[in-house]
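Some notes on the structure that comes next.
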Amino acid sequence: METNRYHRQILFAPIGETGQEKLIRSHVLIVGAGALGSSSAEALTRAGVGHLTLIDRDYVEESNLQRQQLFSEADMEQKMPKAIAAKRRLSEVNSHVKIDAIVGDAEINILRQIVPETDLIIDATDNFETRLLLNDIAQKYQKPWIYGAVVASYGVTFTVLPEKTPCLQCLQEYIPANGATCDSVGIIQPVVQKVVSQQVTEALKLLTGNEAALSGRLISFDLWKNEYTEIEAAALRKSDCPSCSEKRSYPNLAYDSRLKTAVLCGRNTVQLRPQRKHADLDEVAEELKKNKQIKLFQNPYLLSFEVDSFRIVLFQDGRALVHGTMDQLEAKNIYHRYLG
Amino acid sequence: MKITVNGNGLEVQEEVKHIKGLIDFLELEGKPLIIEHNQQILQKEEHEKAVLENGDKVEIVHFVGGG
């Protein structure tokens with residue numbers, strides 16, 4: 001072990017040499033490499049977690065730079081997938097951490113391969129569909145996961161422990177209806193750091209064998225309004241929960257293989273995920289070049305083109321983002337027109 | 001009457017009699033909220049029965065999705 005690198009962390013008594021060795025042997029999955037994911041990935045990389053897996057479906061855009069700390073203007077100009085740009089930066093920060101970057105949706109087949117190998121999942125997603133999927137897969141493989149979310153100057157976080165705390169499905173009645181989380185109310189960067197402080201501290205406790213120090217509480221705060229709230233969450237556990245009780249059936253793992261569409265929060269963008277799992281970007285580019293009206297951009301990970309008032313970004317895994325609409329039907333039509 | 005909501009003191013008028021009244025006063029009606037009243041988590045149907053008294057502590061948490 002490079003004792004000098006982690007010296008101050010080892011000096012911190014609850015971690016010590018033993019805790020640091022545990023960290024180095026740990027594998028953490030971070031789902032989402034946006035604001036929360038960038039920040040917790042950097043913190044865990046600096047802390048010396050042995051193996052990190054990052055999953056993200058998006059690429060770097062200008063409006064991300066205000067709060068997504070791993071990304072640079074060059075990443076934005078090259079439209080780098082966030083997972084790839086994050087891995088690049090994290091490897092500069094700590095070359096001893098093994099980092100796997102996955103450009104794609106955190107969908108069930110990918111999670112099934114990774115989650116059994118991990119010690120912990122950190123939620124850095126921006127939607128409840130993925131969170132509910134994470135919840136059930138974490139319950140199935142008995143892994144802890146740490147919910148975190150932010151909007152405006154408000155943040156909320158909770159650590160879900162299998163068999164011990166309520167799970168997200170227990171709290172399902174409190175999940176806002178679809179779309180209600182897409183408020184265009186913006187976000188300030190410090191609230192990201194505050195949620196990540198909670199999430200990463202809980203992660204360090206779990207990974208270093210300090211479970212007794214976990215908060216056990218649902219924590220929320222509004223930095224602008226100077227509000228801070230903690231609720232003892234144990235009473236919210238449901239004895240008949242379909243995801244974590246004895247009668248569990250994991251409703252959120254029910255697999256749907258059709259073309260899936262999702263409206264991305266506050267982005268005027270629809271994602272389409274077809275059944276096929278691969279797109280030959282060069283082949284598609286050749287085809288599109290025949291149409292002189294189309295403006296093309298390509299990097300090794302994605303192909304972006306503009307047509308009418310839309311911009312379409314196609315990834316190697318076959319997914320496409322259609323920018324310029326929130327209408328799922330319209331997005332499907334554009335997809336089929338240009339990508340078959 | 002003075003109560004504490006999310007750690008901050010709040011002066012409310014007499015017509016705010018119970019938790020439901022407080023939710024309306026704070027213009028949070030219709031939102032899915034987790035509410036703790038004097039360290040007791042309330043079910044939605046209890047909001048109208050939970051009478052507020054001077055010095056009460058109320059914690060209100062809502063979920064958001066952004067990341």
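Basis for what follows: all heavy atoms, side chains included, without hydrogens, waters or symmetry-related copies.
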**OP:** Show your working on side-chain contact (heavy atoms from CB on, under 4.5 Å) between B:N6 and A:Y228 and close with a plain yes or no.
**Re:** CA-CA 6 Å; B:N6 292 350; A:Y228 182 85; over 6 Å; no
Subject >> A:Q189 CD: over 12 foreign heavy atoms closer than 6.0 Å >> reply: yes
Subject >> Results of salt bridge (charged side-chain N to carboxylate O under 4.0 Å, His left out) for A:E202 - residues two or more places apart only >> reply: A:K205
Original post:
What's the shortest heavy-atom distance between A:Y147 and B:V64, and which atoms?
Top reply: OH-O, 2.8 Å
Subject >> Within 6.0 angstrom of A:M76 CE, more than 12 heavy atoms from elsewhere >> reply: yes
Subject >> Option that, when pairs with chain B are counted at under 4.5 Å, heavy atom only, ranks first among A:Q68, A:E232, A:R67, A:E173 >> reply: A:E232
Original post:
Does the A:D126 side chain pair with the main chain of B:G65, one donor and one acceptor, at a distance under 3.5 Å?
Top reply: no
**OP:** Output the residues of residues 217-225 of chain A for which the shortest heavy-atom distance to chain B is under 4.5 Å, in residue-number order; output 'none' if no such residue exists.
**Re:** A:L218, A:S220, A:K225
Original post:
Which bit of A:A35 is near chain B, if near means a heavy-atom gap under 4.5 Å: side chain, backbone, both or neither?
Top reply: both
Original post:
Is the number of heavy atoms from other residues, nucleotides or ligands under 6.0 Å of B:E11 CD greater than 12?
Top reply: yes
Original post:
So which part of A:E230 gets closer than 4.5 Å to some heavy atom of chain B, the side chain, the backbone, both or neither?
Top reply: backbone
Original post:
Hey, what's the ring geometry for A:Y154 with B:H62, parallel, tilted or perpendicular (30° and 60° as the breaks)?
Top reply: parallel
Subject >> Verdict with reasoning, A:Y174 to B:V61, per side-chain contact (heavy atoms from CB on, under 4.5 Å) >> reply: CA-CA 9 Å; A:Y174 303 110; B:V61 172; over 6 Å; no
Original post:
chain A contacts: which residues in residues 28-56 of chain B have a non-hydrogen atom closer than 4.5 Å to it?
Top reply: B:P32, B:L33, B:I34, B:E36, B:I41, B:L42
**OP:** Mind jotting down which residue pairs meet the salt bridge (Lys or Arg N to Asp or Glu O under 4.0 Å) criterion with at least one end in residues 16-28 of chain B? Sequence neighbours excluded, please.
**Re:** B:K20-B:D24
